Amino acid sequence: MSMIAAFYGGKSILITGATGFLGKVLMEKLFRTSPDLKVIYVLVRPKQGQTLQQRVFQILDSKLFEKVKEVCPNVHEKIRAISADLNQNDFAISKEDMQELLSHTNIVFHCAATVRFDDHLRHAVQLNVTATQQLLLMASQMPKLEAFIHISTAFSNCNLKHIDEVVYPCPVEPKKIIDSMEWLDDAIIDEITPKLIGDQPNTYTYTKALGEVVVQQEGGNLNIAIIRPSIVGATWQEPFPGWVDNLNGPSGLIIAAGKGFLRSIRATPMAVADLIPADTVVNLTLAVGWYTAVHRPKSTLVYHCTSGNLNPCNWGKMGLQVLATFEKIPFERAFRRPNADFTTNNITTHYWNAVSHRAPAIIYDFYLRLTGRKPRMTKLMNRLLRTLSMVEYFINRSWEWSTYNTEMLMSALSPEDQRVFNFDVRQLNWLEYIENYVLGVKKYLLKEDMAGIPEAKQHLKRLRNIHYLFNTALFLIAWRLLIARSQVARNVWFFIVSFCYKFLSYFRASSTLNA
Ligand SMILES: CCCCCCCCCCCCCCCCCCCCCCCC(=O)SCCNC(=O)CCNC(=O)[C@H](O)C(C)(C)COP(=O)(O)OP(=O)(O)OC[C@H]1O[C@@H](n2cnc3c(N)ncnc32)[C@H](O)[C@@H]1OP(=O)(O)O
Ligand SMILES: NC(=O)C1=CN([C@@H]2O[C@H](COP(=O)(O)OP(=O)(O)OC[C@H]3O[C@@H](n4cnc5c(N)ncnc54)[C@H](OP(=O)(O)O)[C@@H]3O)[C@@H](O)[C@H]2O)C=CC1
């Protein structure tokens, strides 16, 4: 019997960010392993013309929850969507809902965040810092609360090379930052943002670091833990391999490479690709929730959920495996044949961006215009180049994250819990994982059918022929122009032609003699 699964039985659990990538996998695992839990409260904002209920039911009716329905047929009754916007005061939660949350909640999992690297500092502070502060205030008024689990990121201190499982102080106190956001206007915030974030790469990592300090400073007597996942990728095993539903992290770039848009990427092949599967993060999170509530550690423990120090994989190996998988499982209607490569310096990056990214986009848009259609490739390419520039920081460096607390927790679990809530990345086979990841991107993100693979392969063959034809034509035109202008080129050309002629004549004569 799993002690962790039993622990969540009968519990009322509050999840923020439940509609996000990690939140969905967390809910799924909770329902599947503890179908006797009392209720999961999810703080949701209405979106895209859907009511809260519609948003939540759409998630429950998705493929991800197929197994849940078998073990927990009344899952729809066990989830309670609470209208909330974390950007608003008191999250704009109604009085009745607030009362219910405060009086019943046993465990809080705080996953909501803005994960955009380029978010305006005001918005990133509001969601990643102020909302965390407000949630802690709410938690302090929950008499039945047993644990508060805060999801941060392993990159919250990525300005350091070696990162321990501790909360690092920020140069400017979070309270001062929160206060200043109230009276500074957007233009001034824009101006001071680079100074404030200092050696952090973006407002995301900066505000996640501030969020951790808030958790530590304002956690009071609560049982709190912080989890720091690295780059969260598709699921490894549960509920099935390769599940992914958004473009963050590597997923969007895998699509861009598979569709042939992404041809070159500035990355250090030997740098550690610290990916961590979403189900591994969720297993650790649930184990931490149990440990924090039952063992009540004296201080706030930080858990690194990373792969680099236990089972490292580098970007070179990952990239090659992604490309190898495209051979077996190509994406449909590719723009060009997948053939991406890494560049390691600015000059080659600029060169390949011009030749392999911008030029084909301009040519294709010209063709679209000629055929009376709306040009769109240049816009798409600009967006891709912007994304590449945002992720470059993370794929050209390696970090060392210590994992003492995570390893301590692993050894504190029973063998059954180690199996059911497995977060031991040493068991992960990267090549298999990456292949499943690419397959998952195709199935769950692109919604492509496996039956279309033969046609996709045919399409790639056609693209290869077009590529050869295009290159030959380009060569002939260039050569023709050269011959017209240079006597040396003309001499070389006549030499080659007469050599070929002589060779053919000799070949024909010798084959006539032999006959
Ligand atoms: C030797 C052989 C080599 C072969 C190479 C083979 C290639 C293999 C590919 C694998 C490469 C792997 C590289 C991985 C890099 C991963 C690094 C990630 C590092 C994370 C560190 C921190 C981890 C975390 O803690 S947080 C989670 C990560 N957060 C994110 O990933 C968010 C990043 N996204 C953003 O910040 C923004 O979306 C931004 C700035 C990238 C783009 O903003 P913009 O305003 O331009 O667009 P959006 O409004 O967001 O979207 C508009 C539009 O674009 C679509 N879109 C969004 N993101 C992506 C994307 N990443 N790729 C493609 N498309 C994307 C989005 O859906 C919208 O589409 P619409 O149709 O317009 O709705
Ligand atoms: N993905 C990754 O690679 C990594 C993620 N993390 C951390 O994990 C956590 C979850 O990330 P992930 O699931 O990937 O992120 P997603 O972007 O997929 O999900 C973010 C969630 O936050 C919710 N949210 C955002 N703004 C608001 C708001 N104003 N009010 C209410 N809810 C809001 C979103 O709701 P809605 O659906 O309405 O937009 C969504 O449910 C974050 O804390 C992130 O920092 C850490 C390391 C890596």
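No hydrogens, no waters, no symmetry mates; every other heavy atom, side chains included, goes into these values. As the structure is a computational prediction, the values presented were derived from the model and not from experiment. Both ligands and their constituent atoms are indexed starting at 1 by order of listing.
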Which of parallel (below 30°), tilted (30 to 60°) and perpendicular (above 60°) describes Phe57 and His76?
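Rings of Phe57 and His76: perpendicular, as their planes differ by over 60°.
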Side chain to side chain donor-acceptor pair (under 3.5 Å), that's the test. Do Ser264 and Ser356 meet it? Break it down for me.
CA-CA 8 Å; Ser264 114; Ser356 291; over 6 Å; no
Short N or O distance, [X] and ligand 2, threshold 3.5 Å exclusive:
| X | value |
| --- | --- |
| Pro229 | no |
| Asp85 | yes |
| Cys111 | yes |
| Leu86 | yes |
| Gly20 | yes |
| Lys47 | yes |
| Leu127 | no |
| Leu22 | yes |

Option among Asp274, Leu428, Thr403 that satisfies the side-chain contact (heavy atoms from CB on, under 4.5 Å) test with Ser307
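Among the candidates, only Asp274 passes.
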Measure [X] to ligand 2 on non-hydrogen atoms and call it side chain, backbone, both or neither using the 4.0 Å cut-off.
| X | result |
| --- | --- |
| Arg228 | neither |
| Asn246 | side chain |
| Ile151 | both |
| Ala154 | neither |
| Phe91 | neither |
| His123 | neither |

[X]/[Y] aromatic ring centres below 6.0 Å:
| X | Y | answer |
| --- | --- | --- |
| Trp352 | Phe342 | no |
| Phe148 | Phe109 | no |
| Tyr303 | Phe423 | no |

Report yes or no: does [X] have a heavy atom closer than 4.0 Å to ligand 2?
| X | answer |
| --- | --- |
| Ser152 | yes |
| Arg55 | yes |
| Thr114 | no |
| Ser230 | yes |

Dump all N/O pairs between ligand 1 and the protein below 3.5 Å as a table: atom names plus distance, one pair per row.
| residue | atom | partner | partner atom | Å |
| --- | --- | --- | --- | --- |
| ligand 1 | 25 (O) | Thr153 | OG1 | 2.9 |
| ligand 1 | 25 (O) | Tyr204 | OH | 2.7 |
| ligand 1 | 29 (N) | Val115 | O | 3.2 |
| ligand 1 | 31 (O) | Gly249 | N | 2.8 |
| ligand 1 | 36 (O) | Phe117 | N | 2.8 |
| ligand 1 | 43 (O) | Arg116 | NH2 | 3.0 |
| ligand 1 | 45 (O) | Arg116 | NH2 | 2.7 |
| ligand 1 | 46 (O) | Arg386 | NE | 3.4 |
| ligand 1 | 49 (O) | Arg116 | NH1 | 3.3 |
| ligand 1 | 50 (O) | Arg116 | NH1 | 2.8 |
| ligand 1 | 61 (N) | Leu247 | O | 3.3 |
| ligand 1 | 72 (O) | Arg383 | NH1 | 3.4 |

Is a side-chain donor-acceptor pair under 3.5 Å present for Ser402 with His162?
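No.
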